[in-house]
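For the numbers below, each heavy atom of this structure counts, side chains included, while hydrogens, waters and symmetry mates do not.
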Amino acid sequence: MRRGETTEKLYWVVGWIYEFSKAATIVLVIGLIVHYFFFSILVVRGRSMEPNFIDGQIVGVNKIAYHLSKPKRGDVVAMYFPGETQKHFIKRVVGLPGDTVEINSGKVYVNGSQLEEPYLAPAVTTLPDSKRTLGAGEYLVFGDNRIASSDSRAWGPVPESFIIGKATVKLAKLPSQLAD
């Protein structure tokens with residue numbers, strides 16, 4: 001090979017690496033912006049949302065949904081665990097700001113009317129009996145698998161600022177060896 005051919009190949013390789021790194025940087029920056037501001041993924045841990053969401057399932061979280069509107073009763077939300085923002089949970093919204101939520105004889109009542117919960121497995125009861133009126137910006141969230149869920153019944157209302165976004169898409173389930 002002549003010196004000119006070697007130099008030409010070196011320029012071609014360096015140029016290719018430079019162009020590739022520019023494209024990779026742009027993709028990375030766009031991906032980070034989307035992840036932090038618009039859409040993220042969460043891996044479900046535990047049994048608290050069964051049968052609707054299972055351990056190891058990957059869920060898409062729409063982070064802008066609640067910038068456009070407020071959470072609604074029945075929405076599944078991704079949220080920070082109160083007092084520990086490194087943990088992310090998904091739970092179902094049961095009580096909205098200003099609501100009075102009562103649990104009586106295994107049933108949930110909101111503002112005096114029994115809450116219809118078609119997402120629950122048959123014969124699920126909610127315990128323990130309690131009654132709570134929510135303040136401004138407070139939400140009551142429960143797991144769908146009430147017997148196996150740590151939720152607002154244990155740690156109280158969730159401030160609106162702890163809600164990350166709306167769980168909107170079930171993407172996949174991790175293989176069991178990766179889910180642990």
Side-chain angles (χ1 to χ4, degrees), residues 1-97 119 136-145 148-152 154-180:
M1 229 185 254
R2 290 182 294 156
R3 181 179 166 102
E5 289 177 11
T6 305
T7 304
E8 188 176 306
K9 282 187 178 186
L10 180 62
Y11 283 142
W12 182 85
V13 169
V14 169
W16 183 86
I17 291 171
Y18 174 72
E19 291 300 322
F20 177 79
S21 65
K22 280 192 334 187
T25 301
I26 291 169
V27 168
L28 179 65
V29 168
I30 291 171
L32 288 172
I33 290 170
V34 167
H35 172 73
Y36 283 105
F37 297 106
F38 299 103
F39 188 82
S40 187
I41 61 170
L42 177 76
V43 178
V44 176
R45 297 285 180 217
R47 299 179 49 227
S48 73
M49 288 299 289
E50 288 179 355
N52 300 300
F53 297 87
I54 57 175
D55 187 42
Q57 190 167 36
I58 300 170
V59 178
V61 177
N62 179 344
K63 291 185 170 186
I64 61 170
Y66 297 134
H67 291 288
L68 304 173
S69 66
K70 300 288 185 189
K72 295 174 184 57
R73 193 176 338 280
D75 285 358
V76 176
V77 297
M79 50 171 270
Y80 298 113
F81 182 75
E84 197 172 330
T85 58
Q86 297 304 313
K87 288 186 179 179
H88 302 109
F89 282 11
I90 65 166
K91 300 291 178 193
R92 191 171 303 273
V93 175
V94 173
L96 304 173
Y119 40 81
E138 291 184 331
Y139 293 85
L140 223 54
V141 295
F142 293 172
D144 290 351
N145 184 1
S149 180
S150 174
D151 52 37
S152 287
W155 27 263
V158 175
E160 186 173 357
S161 62
F162 279 41
I163 296 175
I164 299 167
K166 184 175 185 176
T168 55
V169 181
K170 297 177 187 180
L171 299 172
K173 181 174 181 329
L174 288 177
S176 59
Q177 65 270 24
L178 294 177
D180 294 333

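Within the model, atoms CD1 of I90 and CZ of F53 stand 4.5 Å from one another, a figure rounded to the nearest 0.5 Å. If you take CZ on R47 and CG on N145, they are separated by 5.5 Å, rounding to the nearest 0.5 Å. Note that CZ of F162 and NE2 of H88 are 11.0 Å apart. Values are rounded to the nearest 0.5 Å. Rounded to the nearest 0.5 angstrom, M79 CE and I163 CD1 are separated by 7.5 Å. In this structure, OH on Y80 lies 9.5 Å from OG on S161, to the nearest 0.5 angstrom.
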Going by atom type alone, with no hydrogens or angles, which donor-acceptor pairs under 3.5 Å involve a side-chain atom of residues 11-28 and a protein atom two or more places apart or on another chain?
| from | atom 1 | to | atom 2 | distance (Å) |
| --- | --- | --- | --- | --- |
| S21 | OG | I17 | O | 3.2 |
| S21 | OG | Y18 | O | 2.8 |
| T25 | OG1 | S21 | O | 2.7 |

Would you list the atom pairs, donor with acceptor, under 3.5 Å between side chains in residues 57-67 and any protein atom, with sequence neighbours excluded?
| from | atom 1 | to | atom 2 | distance (Å) |
| --- | --- | --- | --- | --- |
| Q57 | OE1 | I54 | N | 3.1 |
| N62 | OD1 | I64 | N | 3.0 |
| N62 | OD1 | A65 | N | 3.0 |
| K63 | NZ | H35 | O | 2.9 |
| Y66 | OH | D75 | OD2 | 2.7 |

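You'll find the side chain of Y139 stays beyond 4.5 Å of the side chain of P157, heavy atoms only.
For F37, the ring pair (Phe, Tyr, Trp, His ring centres under 6.0 Å) test picks out no residue, with sequence neighbours left out. Applying the side chain to side chain donor-acceptor pair (under 3.5 Å) rule to T168 yields no partners; only residues at least two apart in sequence or on another chain are considered. Residues satisfying the ring pair (Phe, Tyr, Trp, His ring centres under 6.0 Å) criterion with F142, sequence neighbours excluded, are absent altogether. Partners of S149 according to the side chain to side chain contact (heavy atoms under 4.5 Å, CB included) rule, which considers only residues two or more places apart in sequence or in another chain, are S48, K91, D151, R153.
Of all heavy-atom pairs spanning R92 and N52, the tightest one is NH2-ND2, 3.8 Å. F89 and S150 get closest at one heavy-atom pair: CE2-O, 4.3 Å. Nearest heavy atom pair, residue A78 against residue L42, reads CB-CD2, 4.2 Å.
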Quiz item: Would K87 and R45 count as a side-chain contact (heavy atoms from CB on, under 4.5 Å) if you check the C-alpha gap in whole Å, the side-chain angles of each, and the deciding distance to 0.1 Å?
Solution: CA-CA 10 Å; K87 288 186 179 179; R45 297 285 180 217; over 6 Å; no
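In this structure, K170 places its NZ atom where more than 12 heavy-atom neighbours from other residues, nucleotides or ligands lie under 6.0 Å away.
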